[in-house]
Amino acid sequence: MHPRHELAELLGHPVRFSIVALLAGASQAEFGFVRDQVEISDSTLSKQVSALEQAGYVKVRKGFVGKRARTWLSLTAEGRRTFERHLAALRSIADRDGVGTSTPSR
Amino acid sequence: MLASVKESIPTRREAEVALAEARNQARRVRGTDQQFRPVLIIVAAAYLAAGVVLGLSPRGGLPYQGTALLVILLGGLAVGLVLLWRIRAYSRWGLARFSLSIAACSIWNAAVIGVSTISGWESADQPGFHVTVSFAVAALPLVVAAWLIGKTRA
């Protein structure tokens, strides 16, 4: 079976991939931290997180630190599994000498 | 029409770039573990300071000794908590390592106090610095944990 079948469509987007890759190594990360590390705007992160949340990959938790509102992001178990499968597929593609192409196929 | 049934497969190069990005993001999260260091060091310092205050007069008697101990321990705890609250991301292993360090320190602490008491190292006829030494030994796991976290490359 070609590894492309294991790729998660939602993670094909580079920004969403970076967000999930960052969250994969974290128990949880604050919204602002993710925004700074992925180098995107608040609105872009908000939009992408909504998409990931709807897919069940990301969990959003709102809380307070003192008087400051904080939003914490974390990967769900499903999100973690999907990311691992996606990474494995990418590794397989990277290991396939000269097989990968950017041309559409099916 | 045809576009609706097309899908793009990453090239080998694109897959490598994505994998590199994943490694890069994982490294960034690991870098946040460094923020546990000052917390561990402050708790260890507060513990050591409490040992010094107690060592000055192990059987009490110094004015404001109790107040000084309370201020040192609560102050250390408060600063540690504030630093913890300021951390913006917790790596999965960093949080586990931090929790393990605190647990190890608690167990080690109980063992040091037990051995110090049973062996007579902290008995009434011993000089005050014995208490300070016991506190310093008890705080060792925190210092070692801070050192180990510092060695972790981001």
Side-chain angles (χ1 to χ4, degrees), chain A residues 2-7 9 11-15 17-39 63-66 68 70-75 80 83-84 86-106, chain B residues 1-39 77-103 149 152-154:
Chain A
H2 194 282
R4 74 173 184 277
H5 297 296
E6 293 296 316
L7 289 171
E9 197 181 333
L11 301 184
H13 189 287
V15 171
F17 179 83
S18 293
I19 294 168
V20 173
L22 185 73
L23 292 177
S27 280
Q28 57 177 1
E30 202 241 323
F31 185 93
F33 176 82
V34 179
R35 177 200 59 210
D36 295 345
Q37 299 303 318
V38 181
E39 297 173 19
F64 282 87
V65 176
R68 282 172 52 201
R70 267 190 175 185
T71 302
W72 292 92
L73 308 176
S74 58
L75 273 195
R80 207 169 284 285
F83 180 66
E84 289 302 325
H86 190 84
L87 273 192
L90 287 174
R91 278 190 210 105
S92 299
I93 291 168
D95 290 343
R96 287 162 78 108
D97 285 338
V99 173
T101 65
S102 59
T103 53
S105 70
R106 182 173 278 186
Chain B
M1 181 84 173
L2 188 63
S4 63
V5 293
K6 286 177 178 176
E7 66 176 349
S8 62
I9 306 166
T11 61
R12 186 180 177 207
R13 176 78 191 126
E14 285 165 346
E16 284 169 352
V17 169
L19 289 169
E21 168 67 1
R23 280 193 297 272
N24 185 36
Q25 295 297 354
R27 196 166 43 241
R28 287 177 178 200
V29 173
R30 279 200 304 276
T32 64
D33 290 353
Q34 300 285 333
Q35 296 172 87
F36 286 117
R37 286 183 80 195
V39 181
L77 191 67
V79 174
L81 285 175
V82 166
L83 288 175
L84 275 179
W85 274 324
R86 288 169 62 97
I87 295 177
R88 297 168 74 204
Y90 298 92
S91 90
R92 297 172 82 195
W93 291 113
L95 195 58
R97 212 167 1 178
F98 176 75
S99 306
L100 272 175
S101 305
I102 297 293
I149 287 175
T152 309
R153 292 200 179 274

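Below, chain A is the first sequence line, B the second, and so on; all start at residue 1.
- The CZ atom of Arg92(B) sits 11.5 Å away from atom CG of Leu23(A), with the distance rounded to the nearest 0.5 Å.
- When every heavy atom of Trp85(B) is checked against every heavy atom of Arg70(A), the shortest pair comes out as O-NH1, 2.9 Å.
- Both the backbone and the side chain of Leu87(A) come within contact range of chain B, each with at least one heavy atom under 4.5 Å from a heavy atom of that chain.
- Between atom OG1 of residue Thr32(B) and atom CD of residue Glu30(A) there is a gap of 12.0 Å, rounded to the nearest 0.5 Å.
- Per-residue counts of heavy-atom pairs under 4.5 Å with chain B were compared for Ala29(A), Ser74(A), Ala89(A), Pro14(A); the largest is that of Ala29(A).
- Heavy atoms only, all atoms of each residue included: Val38(A) and Arg28(B) are closest at N-NH1, 4.4 Å.
- In this structure, Arg88(B) contributes its side chain and Gly32(A) its backbone to a donor-acceptor pair below 3.5 Å.
- Interface remark: Phe83(A) contributes side-chain atoms only to the contact with chain B (heavy atom separation under 4.5 Å).
- Of the inter-residue distances, the one linking Arg12(B) atom CZ with Leu90(A) atom CG reads 13.5 Å to the nearest 0.5 angstrom.
- Contacts with chain A were tallied for Leu19(B), Val17(B), Leu95(B); Leu19(B) has the most, counting heavy-atom pairs under 4.5 Å.
- Across Ala89(B) and Trp72(A), no two heavy atoms sit closer than the pair N-CZ3, 4.4 Å.
- In terms of heavy-atom proximity, Ile93(A) sits nearest to Pro10(B) at CG2-O, 3.5 Å.
- Summarising the geometry of Ala21(A) relative to Ala22(B), their closest heavy-atom pair is CB-CA, 3.8 Å, with the distance given to 0.1 Å.
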